Student: 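Handing you this structure, nothing more for now.
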Amino acid sequence: MLYIGVDLGTSAVKLLLMDENGAIRKIVSKEYLLYFPQPGWSEQNPEDWFEKSMEGIKELLSECGKSQVGGISFGGQMHGLVALDREDRVIRPAILWNDGRTGEETEYLNEVVGKDKLSSYTANIAFAGFTAPKILWMRKHEPEHFAKICKIMLPKDYLAYRLSGSFCTDVSDASGMLLLDVKNRCWSKEMLEICGITEEQLPKLYESYEVTGTLKPEVAEELGLSASVKVIAGAGDNAAAAVGTGTVGDGMCNISLGTSGTIFISSKNFGVDENNALHSFAHADGNYHLMGCMLSAASCNKWWNEEILNTKDFGAEQADIKNLGENNVFYLPYLMGERSPHNNPDARAMFIGMSMDTTREEMTQAVLEGVAFGLRDSLEVARSLGIKIERTKICGGGAKSPLWKKIIANIMNMKVDVIESEEGPALGGAMLAAVGCGEYPDVETIASKLVKVVDTVEPEAELVAKYEEKYQKFRRIYPVVKKLF
């Protein structure tokens, strides 16, 4: 059988075709536009997601036996607000995960409702990117739109709705809405009341590997597929990427260097850190996970190269970087504000420490190191909980850089395992589809059979010591400059 994994990302949708043995038959990517109508705002047109996904699926299946396709599932950008009216029309452009307009709403939730209450209701506190603050923003600033809301959904679930007609979501993606009682895997009645919405406006909850429906007959006909092809709930992009890297079960770690950056720690047990600096979410394997998320990771390197250096040859810019651990230039990676652990949508990126002899290579190196230092901030929170992590998997576009992997291994002082396929959420989606269709009994089984480590980047004691000194300097910069934002 064949299984389709859909990674509905921020800049493009990536579609992957996998057979029952885990072999990747084909990958297709289709880009769509991202809109910034005001500084700090970030929006997309949900119709673009559907149109480009349909185009991509047709191209993906152009050379295979379509009768062999058993199921389709998803990994998707989290937290986005998609609102539909009674006629299933999109009311306004989707407000995305990296949108920073909800500062007042986030402050209201954390300071007036209170972090303790939020944590007791949802296991998390409010971050500007989460869905609940977006709903409050819409209620205050666009009351005419808010009054029309019939369905509230997340980006990947809009795509699933268009494909199957099933109004549903999964618990991993729903965890990032600040509407879910994560521990008990149900909607929080208290949060619905705070946001002024009803449970009828929210999708039905599923585990990530559960079947939610089948393709609509008209969609199946257009794609040349059987209407019996199963649609499986899928997961938020980070949970889906964790499935794709085998970060399931207890005590496993994955670092994702995508547009955003995450450090993801899987756990059999539910847990919350004292200051809610890390997100405590349900996992796609039926368990839980802790996650630190920075809003700009590989996007920092993309911005630096394409917008500032005016080049797309990222490898060439890294080729002459040799003096690791000795750079005196520091970079704060907060292009779109920051989530973990600072929770500050007003934070901004900056370079510090330049002199007359600072080189282009040192600036590029600072960007790579700044992202790694930012991820370590979240790792330190996990370590404060007594969690001991000695190695991590890695995925995302940034993971294709050997230099960046070496920097991360030494800044984190962890072994970095490189897996055979670094396809992240798209592969995780295909694996969830295979589980949903009964090809494998559970997520842990398919991960153990299909995910293969092909290389390990080891930390070097001398370099670890150098980077430890640099990290201690890095972590002192943000508290000093915070008031400038």
Side-chain angles (χ1 to χ4, degrees), residues 1-33 44 46-77 155-166 208-209 211-235 237 240-241 243-245 258 395-397 400 419-437 439-440 446 450-451:
M1 295 298 287
L2 298 173
Y3 302 97
I4 299 172
V6 181
D7 174 13
L8 190 73
T10 312
S11 56
V13 59
K14 184 166 81 172
L15 304 111
L16 178 148
L17 189 65
M18 182 192 83
D19 68 20
E20 69 274 11
N21 298 312
I24 297 172
R25 298 287 189 88
K26 192 172 182 178
I27 296 174
V28 170
S29 184
K30 298 289 182 182
E31 294 185 352
Y32 32 68
L33 293 175
Q44 277 177 331
E47 184 65 28
D48 291 345
W49 302 332
F50 178 68
E51 288 183 4
K52 294 300 182 181
S53 295
M54 291 293 283
E55 283 180 29
I57 293 171
K58 290 172 186 175
E59 186 176 331
L60 190 74
L61 302 178
S62 61
E63 301 166 357
C64 78
K66 295 181 180 179
S67 63
Q68 293 298 302
V69 176
I72 181 170
S73 191
F74 316 88
Q77 51 167 300
K156 79 172 193 330
D157 303 321
Y158 174 78
L159 181 55
Y161 184 62
R162 292 292 300 272
L163 292 173
S164 69
S166 296
S208 298
Y209 47 80
V211 177
T212 62
T214 56
L215 291 178
K216 291 179 180 178
E218 62 271 25
V219 171
E221 184 178 1
E222 183 177 346
L223 296 174
L225 294 172
S226 166
S228 64
V229 170
K230 294 176 181 176
V231 177
I232 289 83
D237 51 6
V243 172
T245 60
C395 69
K400 292 176 170 55
I419 58 175
E420 186 174 47
S421 174
E422 297 178 11
E423 299 303 334
L427 179 58
M431 291 166 67
L432 290 170
V435 174
C437 291
E439 192 78 57
Y440 292 85
I446 191 171
L450 300 192
V451 179

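For the single chain, residues carry numbers from 1 onward in sequence order. Remember, it's a predicted structure, so these values are computed and weren't measured experimentally.
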Student: Less than 4.5 Å apart, any side-chain heavy atom of Leu427 and any of Val451?
Tutor: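 Sidechains of Val451 and Leu427: no contact.
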Student: Looking at Val231, is its backbone amide N or carbonyl O close enough to the side chain of Ser164 to form a donor-acceptor pair, meaning the two atoms are under 3.5 Å apart?
Tutor: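 Not at all, since once roles are kept as given, no pair shorter than 3.5 Å links the two residues.
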Student: Can you list everything that forms a side chain to side chain donor-acceptor pair (under 3.5 Å) with Thr10? Sequence neighbours excluded, please.
Tutor: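 So Thr10 forms a side chain to side chain donor-acceptor pair (under 3.5 Å) with Trp97.
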Student: What pairs of donor and acceptor atoms, side-chain ones from residues 218-229 against any protein atom, are under 3.5 angstrom apart with sequence neighbours left out?
Tutor:
| unit_1 | atom_1 | unit_2 | atom_2 | d |
| --- | --- | --- | --- | --- |
| Glu222 | OE2 | Lys58 | NZ | 2.8 |
| Ser226 | OG | Ser228 | N | 3.0 |
| Ser226 | OG | Ser228 | OG | 2.6 |

Student: When you compare the side chain of Tyr440 with that of Leu450, does any pair of heavy atoms fall below 4.5 Å?
Tutor: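 Result yes, sub-4.5 Å side-chain heavy-atom pair found.
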Student: Among residues at least two apart in sequence or on other chains, which ones pass side chain to side chain donor-acceptor pair (under 3.5 Å) with Gln44?
Tutor: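 With sequence neighbours excluded, Gln44 shows a side chain to side chain donor-acceptor pair (under 3.5 Å) to Trp49, Gln77, given in chain and number order.
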Student: Can you find a heavy atom in the side chain of Phe50 that is under 4.5 Å from one in the side chain of Leu159?
Tutor: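 A side-chain contact under 4.5 Å exists here.
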Student: Who passes side chain to side chain donor-acceptor pair (under 3.5 Å) against Lys14, sequence neighbours left out?
Tutor: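 Glu423.
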Student: Quick one: list whatever passes salt bridge (Lys or Arg N to Asp or Glu O under 4.0 Å) with Glu47, sequence neighbours left out.
Tutor: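 Partners of Glu47 by the salt bridge (Lys or Arg N to Asp or Glu O under 4.0 Å) criterion, ordered by chain and then number, come out as Arg162.
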Student: Glu420: which residues meet the side chain to side chain donor-acceptor pair (under 3.5 Å) condition with it, sequence neighbours left out?
Tutor: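 Here no residue qualifies.
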Student: Between Tyr161 and Ser166 (side chain of the first, backbone of the second, donor and acceptor by atom type, cut-off under 3.5 Å), is there such a pair?
Tutor: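 Flag not set: sc Tyr161 to bb Ser166 has no pair under 3.5 Å.
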Student: Report all side-chain donor-acceptor pairs from residues 15-26 shorter than 3.5 Å, counting only partners two or more places apart or in another chain.
Tutor:
| unit_1 | atom_1 | unit_2 | atom_2 | d |
| --- | --- | --- | --- | --- |
| Asp19 | OD1 | Asn21 | N | 2.9 |
| Asp19 | OD1 | Gly22 | N | 3.1 |
| Asp19 | OD1 | Ala23 | N | 3.0 |
| Asp19 | OD2 | Arg25 | NE | 3.4 |
| Glu20 | OE1 | Met1 | N | 2.8 |
| Lys26 | NZ | Glu59 | O | 2.8 |
| Lys26 | NZ | Ser62 | OG | 3.1 |

Student: Taking only residues two or more places apart in sequence or in another chain, which ones pass side-chain contact (heavy atoms from CB on, under 4.5 Å) with Glu55?
Tutor: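 Partners of Glu55 under the side-chain contact (heavy atoms from CB on, under 4.5 Å) test: Lys30, Lys52.
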Student: Heavy-atom distance under 4.5 Å between the side chains of Leu8 and Phe74, does that happen here?
Tutor: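 A side-chain contact under 4.5 Å is absent here.
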